[in-house]
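Read through the structure below, which is laid out as structure tokens, and then see the notes.
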Amino acid sequence: MYRIKNYLSQWSIMRILRLVMGIVITIQGIKSGQWIITGLGIMFTALPLFNMGCGANGSCEVPPRRREQ
């Protein structure tokens with residue numbers, strides 16, 4: 001339970017919005033039978049789940065929040 005709370009505590013509004021948009025794109029791709037759109041939707045869904053950004057070198061990666069103690 002601690003791991004889930006720790007994982008979800010690092011989520012921002014933008015990350016949740018990206019996840020919702022990816023799910024919507026995936027559903028629309030499946031409904032319309034366009035498998036390229038479905039693949040893109042799955043990719044857009046995976047990005048916020050794994051906290052990946054736009055760059056392969058990590059330049060756009062979201063930094064972890066610092067906890068004040």
Side-chain angles (χ1 to χ4, degrees):
M1 190 68 173
Y2 171 74
R3 288 184 180 181
I4 295 172
K5 281 185 180 180
N6 188 29
Y7 179 71
L8 293 177
S9 69
Q10 299 173 357
W11 282 58
S12 65
I13 298 294
M14 192 62 192
R15 194 169 171 187
I16 293 169
L17 180 64
R18 288 173 48 205
L19 178 66
V20 170
M21 287 173 50
I23 291 170
V24 168
I25 292 170
T26 303
I27 291 171
Q28 289 299 320
I30 291 171
K31 286 173 104 174
S32 65
Q34 296 181 357
W35 300 111
I36 293 176
I37 302 297
T38 303
L40 287 173
I42 291 171
M43 183 189 73
F44 286 135
T45 302
L47 288 175
L49 286 177
F50 297 122
N51 198 20
M52 291 189 287
C54 57
N57 61 357
S59 63
C60 296
E61 205 165 284
V62 180
R65 287 187 185 174
R66 295 184 183 183
R67 292 183 179 227
E68 295 182 27
Q69 296 181 3

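This chain uses plain numbering: 1 for the first residue, then up along the sequence. Because the structure is a prediction, the values reported are computed rather than measured.
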Reported CD1-to-CE distance for the pair Ile25 and Met43, which is rounded to 0.5 angstrom: 9.0 Å
By the rule that ILVMFWY residues connect when side-chain heavy atoms come within less than 4.5 angstrom, directly or transitively, which residues belong alongside Met21? Met14, Leu17
Report yes or no: do Leu40 and Trp35 belong to one cluster of Ile/Leu/Val/Met/Phe/Trp/Tyr joined by side chain heavy-atom distances under 4.5 Å? no
Hey, does Ile37 have a side-chain heavy atom less than 4.5 Å from the side chain of Gln28? no
Is there a chain of hydrophobic side chains (I, L, V, M, F, W, Y, each step under 4.5 Å between heavy atoms) that links Ile27 to Ile16? yes
Listed partners of Leu19 passing side-chain contact (heavy atoms from CB on, under 4.5 Å), at least two apart: Trp11, Ile23, Thr45, Pro48, Leu49
